[in-house]
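Single-structure report; data block below.
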Amino acid sequence: MPAASLPPLASFATCDFCDVHKGDTSGAFRVLPPVFRHFGGVASFAGPVTTVKCHEDNTQVKAAVESPGEGSVLVVDGGGSLRRALVGGNLAAAAARNGWAGIVVDGCVRDVAELNAEAVGIRALALMPLPTERRGEGQRDVAVLIQGVPVRPGDWLYADADGIVVSAQPLHG
Ligand SMILES: O=C([O-])CC(=O)C(=O)O
């Protein structure tokens with residue numbers, strides 16, 4: 001699609017993106033499996049991706065949301081662990097304060113009321129009240145697999161009420 005006919009960022013719809021790209025077998029356009037629950041005070045969000053890969057240790061997630069987000073989406077590959085929460089109210093507040101558009105966690109979050117009060121979009125598999133032990137582990141800005149789907153730093157991620165799509169190129173004008 002020529003850039004002139006792309007929708008503005010403020011009014012994107014993941015269904016519209018899927019209508020246009022449903023035949024794309026190149027791997028540039030990807031749809032995450034529909035297993036994510038919606039949290040945070042922002043229903044739809046989009047932005048360039050930065051990543052954290054970690055296992056039941058949110059050291060790098062905390063470092064990321066405490067740094068400038070500049071409208072980015074933080075994608076956290078927590079390996080799908082349901083045993084610890086990688087984001088809670090404090091980290092969600094930091095993300096909102098620092099200008100992150102959203103956080104997608106392949107893992108758990110906690111403090112649901114606090115998450116929903118923050119001006120940031122959040123997707124995660126489930127709620128889990130148990131926090132992590134921070135041991136300084138985890139990686140920043142590596143290619144990750146989210147529910148089996150590759151997500152790379154610099155991809156664009158779009159999340160709305162219908163789902164989450166990831167693209168190697170921006171899908172908005
Ligand atoms: O601090 C943590 O590990 C997670 C948490 O509860 C918060 O962000 O408030």
Side-chain angles (χ1 to χ4, degrees), residues 9-10 12 14 30 32-166:
L9 186 55
F12 75 86
T14 57
R30 288 148 263 152
L32 297 190
V35 295
F36 291 91
R37 291 179 57 185
H38 297 201
F39 304 101
V42 175
S44 294
F45 59 93
V49 167
T50 70
T51 68
V52 165
K53 183 175 180 178
C54 59
H55 182 66
E56 298 172 9
D57 176 337
N58 69 353
T59 303
Q60 295 299 332
V61 180
K62 184 172 189 289
V65 297
E66 288 179 349
S67 64
E70 297 170 340
S72 298
V73 175
L74 182 65
V75 174
V76 181
D77 177 359
S81 171
L82 301 180
R83 301 195 302 195
R84 301 284 178 141
L86 293 172
V87 172
N90 292 326
L91 298 198
R97 192 167 61 239
N98 288 314
W100 291 86
I103 309 173
V104 176
V105 184
D106 194 1
C108 292
V109 295
R110 68 175 197 162
D111 303 323
V112 62
E114 294 174 34
L115 300 183
N116 291 343
E118 295 298 340
V120 64
I122 299 172
R123 299 289 186 273
L125 298 179
L127 289 163
M128 160 47 74
L130 204 56
T132 67
E133 306 282 353
R134 283 199 274 272
R135 300 190 171 91
E137 295 168 5
Q139 294 164 273
R140 255 323 274 287
D141 281 325
V142 294
V144 296
L145 283 177
I146 300 298
Q147 294 289 308
V149 176
V151 181
R152 301 176 193 92
D155 282 342
W156 274 77
L157 183 147
Y158 301 82
D160 66 9
D162 284 295
I164 306 172
V165 306
V166 177

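Sequence positions, counted from 1, serve as the residue numbers for this chain. Just so you know, ligand 1 is whichever comes first in the structure, and atom 1 is the first atom listed for that ligand.
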| query | Nearest protein heavy-atom contact for atom 9 (O) of ligand 1: which residue, which atom, what distance? | reply | Asn90 N, 2.7 Å

| request: Please answer whether the main-chain N or O of Pro131 pairs with a side-chain N or O of Arg84 as donor and acceptor at a distance below 3.5 Å. | output: yes

| said: Check whether Asp106 reaches the backbone of Gly78 with its side chain - one donor and one acceptor, N or O, closer than 3.5 Å. | reply: no

| message | Looking at Asn98 and Val65, would you say the former's side chain and the latter's main chain have a donor-acceptor pair under 3.5 Å? | response | yes

| field | N/O donor-acceptor pair under 3.5 Å between Thr51 side chain and Val142 backbone | value | yes

| task | Using non-hydrogen atoms of the residue, decide whether Gly89 is closer than 4.0 angstrom to ligand 1. | result | yes

| said: Could you tell me, atom by atom, which parts of ligand 1 come under 4.0 Å of a heavy atom of Asn58? | reply: 2 (C), 3 (O), 4 (C)

| task | Look at the side chain of Asp57 and the backbone N and O of Arg135, then say whether any donor-acceptor pair between them is shorter than 3.5 Å. | result | yes

| said: Give the atom numbers and elements of ligand 1 that come within less than 4.0 Å of a heavy atom of Asp111. | reply: 6 (O), 9 (O)

| remark: Given the options Leu32, Thr14, Val149, Val35, Ile164 meets side-chain contact (heavy atoms from CB on, under 4.5 Å) only with Leu32

| ligand 1 contact by Arg134, heavy-atom criterion under 4.0 angstrom | yes

| query | Is Pro131 in polar range of ligand 1, meaning some N or O pair under 3.5 Å apart? | reply | no

| Any sub-3.5 Å donor-acceptor pair from Trp100's side-chain atoms to Glu66's backbone N or O? | no

| said: What protein heavy atom lies closest to atom 4 (C) of ligand 1? Include the residue and the distance to one decimal. | reply: Gly88 N, 3.6 Å

| field | Protein contact to atom 8 (O) of ligand 1 [nearest heavy atom, distance to 0.1 Å] | value | Leu91 N, 2.9 Å

| task | List every atom of ligand 1 that sits less than 4.0 Å from any heavy atom of Arg110, numbering the atoms from 1 in the order shown and giving each element. | result | 5 (C), 6 (O)

